[in-house]
Amino acid sequence: MAASLEYVEFVCYRIKGAGDVRFKKMFGEYMVYVNDKPLLLVCDDTVYVKKLDALGELMRNAPLGMPYNGAKEHYILDIGDEKLTRSVIDVLEPITPIPAPRKKKAAKSAT
């Protein structure tokens with residue numbers, strides 16, 4: 001089951017004020033960006049956060065899960081916990097790099 005647009009909009013609403021918040025649909029699921037940095041993964045109406053050492057203490061009681069088959073284990077973020085959510089964003093935003101732009105593939109010429 002894919003994440004619903006309504007749920008990802010709710011997630012973005014919950015973190016408004018954290019910076020420039022936007023989302024992008026990817027393979028039926030969504031990535032939520034703050035200041036062009038990919039911070040939250042929304043799959044099956046669940047918010048996942050990459051399991052990083054910087055979040056270990058903060059997310060020590062959080063459940064773990066895999067957002068999709070073949071993914072690494074992630075923390076599951078309780079988006080309803082405003083204080084925890086803000087703290088996670090505050091930790092992740094400064095340490096997450098902006099992804100490098102993808103190179104466009106050259107168009108094939110007809111011969």
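Keep in mind that the numbers below use all heavy atoms, side chains included, and drop hydrogens, waters and symmetry copies.
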Would you call [X] and [Y] a side-chain contact if the rule is heavy atoms closer than 4.5 Å?
{"X": "L77", "Y": "M59", "answer": "yes"}
{"X": "Y33", "Y": "I98", "answer": "no"}
{"X": "I79", "Y": "F10", "answer": "yes"}
{"X": "V42", "Y": "F23", "answer": "no"}
{"X": "Y48", "Y": "I76", "answer": "yes"}
{"X": "Y7", "Y": "T46", "answer": "no"}
{"X": "L52", "Y": "I95", "answer": "yes"}

Same cluster or not: V11 versus L5, using hydrophobic residues (I, L, V, M, F, W, Y) connected whenever any side-chain heavy atoms lie under 4.5 Å apart? yes
Treating Ile, Leu, Val, Met, Phe, Trp and Tyr as nodes and any side-chain heavy-atom pair under 4.5 angstrom as an edge, say whether L64 and L92 lie in one connected cluster. yes
Apply side-chain contact (heavy atoms from CB on, under 4.5 Å) to L40 and V49, showing your working. CA-CA 5 Å; L40 306 176; V49 179; 3.7 Å; yes
Heavy atoms only: give me the nearest [X]-[Y] pair and the separation to one decimal.
{"X": "P38", "Y": "P97", "answer": "CD-O, 3.9 Å"}
{"X": "A71", "Y": "M66", "answer": "O-SD, 3.3 Å"}
{"X": "D36", "Y": "R22", "answer": "OD1-NE, 3.2 Å"}
{"X": "Y75", "Y": "A62", "answer": "CD2-CB, 4.3 Å"}
{"X": "L41", "Y": "Y30", "answer": "CD1-O, 3.4 Å"}

May I ask you to decide if E93's main-chain N or O and K37's side chain share a donor-acceptor pair within less than 3.5 Å? yes
Verify, without hydrogens or angle tests, whether N35 (side chain) and D20 (backbone) share a donor-acceptor contact under 3.5 angstrom. yes
To the nearest 0.5 Å, how far apart are OG1 in T96 and CG in L39? 5.0 Å
Applying salt bridge (Lys or Arg N to Asp or Glu O under 4.0 Å) as the test, list every pair that has at least one member in residues 50-78; sequence neighbours left out. K51-E73, E57-R60
Flag yes if more than 12 heavy atoms outside E82 fall under 6.0 Å of its CD atom; otherwise flag no. no
